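Here is the naming used below: chain letters follow the sequence lines, and residue numbers restart at 1 for every chain. All figures in this text were calculated on a predicted structure; none of them were measured in a lab.
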Amino acid sequence: MQESKESKLYFSKELLGWYETAKRDLPWRRHRNPYYIWVSEIMLQQTRVDTVIPYFQRFIERFPTVQALAEAPEEDVLKCWEGLGYYSRARNLQAAAQQVMERHGGIVPDNKKDVSALKGVGPYTSGAILSIAYNQPEPAVDGNVMRVLSRYFLIEEDIMKTGTRTLMEDLATELIPQGRAGDFNQALMELGALICTPKSPQCLICPVMAHCAGRLEGAEDRLPVKSKAKPPRPEYRLVALVEGDGEQSGRVFVRRRPDSGLLARMWELPHIPAAAEPGEGAGLPDGPAMDRLAAALGGAGVLAAPQGALMEAEHTFSHIHWNMRVFRFQQVDGRSDLIAVAESASAYEANGDAIGSSSGDDATEYRWITKEDMGELAFPNVFIRILNQYFSTK
DNA sequence: AAATCGGGGAA
DNA sequence: TTCCCAGATTT
């Protein structure tokens, strides 16, 4: 990996020239607004450009300034992020906007110490903001950059290792042309996104192919070296879709998730864990599952009678795969069922499953909602799919 | 160093 | 199916 200085100068010059004509017209590139740059970079973490664009447009329209974001209800921010995933990004972004209001008078800071201190801003995003918004010579090393550099300089270090990113940052810093940090960093990522793609890179139209060590070795297809991630572990969940009765007629019972952990503070249909099945989740008897769900609902103060299986759903997170069996329930206000429900609630208390924490520190929040109410509350995609299907076929 | 934290598009 | 995407935070 002893690349010559000429090779580096060639790389930077050719890449910058290519970028001038090849760069995409993206919403956050139309202004040099540090707030726009910041929001876009948070959204782009682990997320493709095409996915981000509509979210970015809506977000800026709704929260045009740092102050607007800082003062907005958290529920609105989460709703604007709904479907984009990694929801702590949204909550950290708003917390950081409040930091910027308090510490920096609403101006996105332009030095490494203060930018890196913002919640949700790590090494990559710090470098991206400083270079793109303020043209400072800081590296912005993401997955694209590591792929491009590992190929061009034939670096065979595992990019999953911590030390490799530091090595890449040092190299990327050397490559930044004087006074062109913003364009160069974006050019590096643009090349990774458009030409130097993970599979079947377009070497023949690459602006730096002539001196690409990886390609000259015929090694572009096995670079970058990356250790495999663990597959998500399966989990089985029993989900309750409870139709309201009386005052709650036409509404569905939902709850809000805890303040931390998976899908923090998002709304969802209540569900409880089911034993892991050695085979398939399907084809199991509905009776015991519905009984357990009814008991758990009783523990949350909802008297409901099972109406049968509604659908099955799957959802994959980064580290968990949910296999969900959804059951329909009918809320029961009738006095005749009070005794039976009270008994099942008692049985539930003795059990371990939880719909709501009956004795926890902070009580779980519940609501009965209509289809229209979904427009105000943020749900994970899997529950949006279930609820939309239910409301559309009802 | 390893786990946690979403969702979807491309092959 | 598998990969991986303009990663950060927590353990």
Validation: residues 201-228 of chain A side-chain donor-acceptor distances under 3.5 Å, sequence neighbours left out:
residue, atom, partner, partner atom, Å
A/R222, NH1, A/E156, OE1, 2.9
A/S227, OG, A/D158, OD2, 3.0

Could you give the side-chain donor-acceptor pairs of residues 121-129 of chain A under 3.5 Å, partners two or more places apart or in another chain?
residue, atom, partner, partner atom, Å
A/Y124, OH, A/E41, OE1, 2.6
A/T125, OG1, A/Q45, NE2, 2.9
A/S126, OG, A/S116, OG, 3.2

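Counting distance only, with no hydrogens placed and no angle test, the side-chain atoms of A/T47 and the base atoms of B/dG6 include a donor-acceptor pair under 3.5 Å.
Contacts of A/Q389 classified as side-chain contact (heavy atoms from CB on, under 4.5 Å), with partners at least two apart in sequence or in another chain: A/M311. Here A/D373 pairs with A/R251 under the salt bridge (charged side-chain N to carboxylate O under 4.0 Å, His left out) rule; sequence neighbours left out. Applying the side-chain contact (heavy atoms from CB on, under 4.5 Å) criterion to A/S131, with sequence neighbours excluded, gives A/A181, A/N185. Among residues two or more places apart in sequence or in another chain, the salt bridge (charged side-chain N to carboxylate O under 4.0 Å, His left out) test is passed with A/R165 by A/E169.
Near DNA chain C, meaning a heavy atom under 4.0 Å from it, residues 141-148 of chain A has A/D142, A/G143, A/N144, A/R147 in order of number. A heavy atom closer than 4.0 Å to some atom of DNA chain C occurs in no member of residues 70-83 of chain A. The stretch residues 38-46 of chain A touches DNA chain C through A/E41, A/L44, A/Q45, A/Q46, each having a heavy atom under 4.0 angstrom from the strand.
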For nucleotides 9-11 of chain C, give me every protein contact, N/O to N/O, under 3.5 Å, one pair per line with atom names.
residue, atom, partner, partner atom, Å
C/dT9, OP1, A/G120, N, 2.6

Are any protein N/O atoms closer than 3.5 Å to N/O atoms in nucleotides 1-4 of chain B? If there are, list each pair with its distance.
residue, atom, partner, partner atom, Å
B/dA1, OP2, A/T162, OG1, 3.4

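Under the ring-ring contact (aromatic ring centres under 6.0 Å, His included) criterion, the residue pairs touching residues 298-319 of chain A are A/H315-A/F317, A/F317-A/W322, with sequence neighbours excluded.
Between A/E61 and A/R58, none of the side-chain N atoms (NZ, or NE/NH1/NH2) sits under 4.0 Å from a carboxylate O, so this pair counts as no salt bridge.
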